[in-house]
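Working notes for the structure below.
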Protein chains: 2
Amino acid sequence: MLTDEYRYKILKLVQEKPEISQRELAKALGISLGKTNFCLKGLVDVGLLKVSNFRNSQNKLAYMYLLTPKGIEEKTGITMRFLKYKMQEYENLQAEIEELRRAAEESVEKEVE
Amino acid sequence: MLTDEYRYKILKLVQEKPEISQRELAKALGISLGKTNFCLKGLVDVGLLKVSNFRNSQNKLAYMYLLTPKGIEEKTGITMRFLKYKMQEYENLQAEIEELRRAAEESVEKEVE
DNA sequence: AAACTGCGTTCACTATTTGAACGCATGATG
DNA sequence: CATCATGCGTTCAAATAGTGAACGCAGTTT
């Protein structure tokens, strides 16, 4: 599944290092090579990334992923959306931790009895 | 998969309402009936819950899930473990949001150019 | 020329989750 | 009494998601 999380992270990593390999990307993302390939392809399909070739330091032909103009433009929106999502998650977590704290205290109190 | 998250949540919900049905539980947990059944069975298997019968208001035979002494005892530990996990998650999220904020600002700045 | 390296790609396999369908027990209805 | 309706736990085929070994290719090294 290609979620905003991976859209954001891949665009970010690719922007920082266009000559990154799928294996490096997979490691950085903490997901498998197969899923990385799938997500990357998804971003190319919707026109946010394009694949290009270049010669690396050893004059070896290699791939390079580049953000398209659309990719550059939409990255902000994706980032904002992901940020919003994360902040909501954060808020929920805060409430949950508060509740867990109460639950934990209660349990300990009962043990003392 | 039976994680601390569901161990904690199920023990909590069952303690609050032992006569809860698996369908109610599933809805409260936000997961499917099948998974709920699987998790519940897991808790019974390891001896944290036991199944009992009772007569409900319409004198209808129904199930009731009860925490065993072991369940009561271990619930605190599970809660603590889950709390610790959640707090770590919270911290990570905080860092991630901070980074997203920087990334978002940067994007917006570039748009202004 | 043969072996080696590192790349993207593929896909059979495993893991996880879902929810429709079933059998059973009870209450309600004719 | 017989039938239907309701609600329960249980099951499991199907859907969905994710993995990583294996492959073909291209360039480099021996």
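In what follows, chains are A, B, ... by sequence order, proteins preceding strands, each numbered from 1. These values consider heavy atoms only, across backbone and side chains, with no hydrogens, waters or symmetry-generated copies.
- The side chain of B:L33 approaches D:dT10 more closely than any other nucleotide in the set C:dT17, D:dG9, D:dT10.
- Residue A:K41 places its side chain closer to C:dT10 than to any other of D:dA17, C:dT10, D:dT10.
- Side-chain N/O atoms of B:N37 include one lying less than 4.0 angstrom from OP1 or OP2 on D:dT10.
- Contact between A:T68 and A:G47 at its shortest, heavy atoms only, is OG1-O, 2.5 Å.
- Rounded to whole Å, atom C1' of C:dA15 lies 16 Å from atom CG of B:L2.
- Here A:R102 does not pair with A:E106 in a salt bridge; the nearest charged N to carboxylate O distance is not below 4.0 Å.
- Nucleotide C:dT14 holds its P atom 19 Å from the CE atom of B:M1, rounded to whole Å.
- Residue A:Q22 places no side-chain N or O under 4.0 Å from the OP1 or OP2 atom of C:dC7.
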Q: Give the intermediate values and the outcome of side chain to side chain contact (heavy atoms under 4.5 Å, CB included) for residues A:K41 and A:V44.
A: CA-CA 5 Å; A:K41 210 170 279 185; A:V44 171; 5.6 Å; no
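- Atom CG in A:L29 sits roughly 13 Å away from atom P in D:dG18 (whole-Å rounding).
- In this structure, the CD1 atom of A:I31 is 17 Å from the C1' atom of C:dA15, given to the nearest Å.
- The side chain of A:K35 has D:dG18 as its nearest neighbour among C:dG8, D:dG18, D:dG9.
- Of the candidates C:dT18, C:dA21, C:dC7, C:dT18 carries the atom nearest the B:S32 side chain, counting heavy atoms from C-beta on.
- For the pair A:F38 CZ and D:dT16 P, the interatomic distance rounds to 12 Å; values are reported in whole Å.
- At C:dG6, none of the side-chain N or O atoms of A:Y63 fall inside 4.0 Å of OP1 or OP2 (strictly under the cut-off).
- Spacing between atom CE of B:M64 and atom P of D:dG9 amounts to 13 Å, rounded to whole angstrom units.
- Distance check, rounded to the nearest 0.5 Å: CE of A:M80 to CG of A:D4 gives 13.0 Å.
- Side-chain N/O atoms of A:R23 and base N/O atoms of C:dG6 include no donor-acceptor pair closer than 3.5 Å.
- Close to D:dG18, at under 4.0 Å from its OP1 or OP2, lies no side-chain N or O of A:Y6.
- Each of A:I31, A:T36, A:L11 was compared with A:Y6 under the side-chain contact (heavy atoms from CB on, under 4.5 Å) criterion, and only A:I31 meets it.
- One atom, NZ of B:K27, and another, P of C:dG19, lie 12 Å apart when rounded to the nearest Å.
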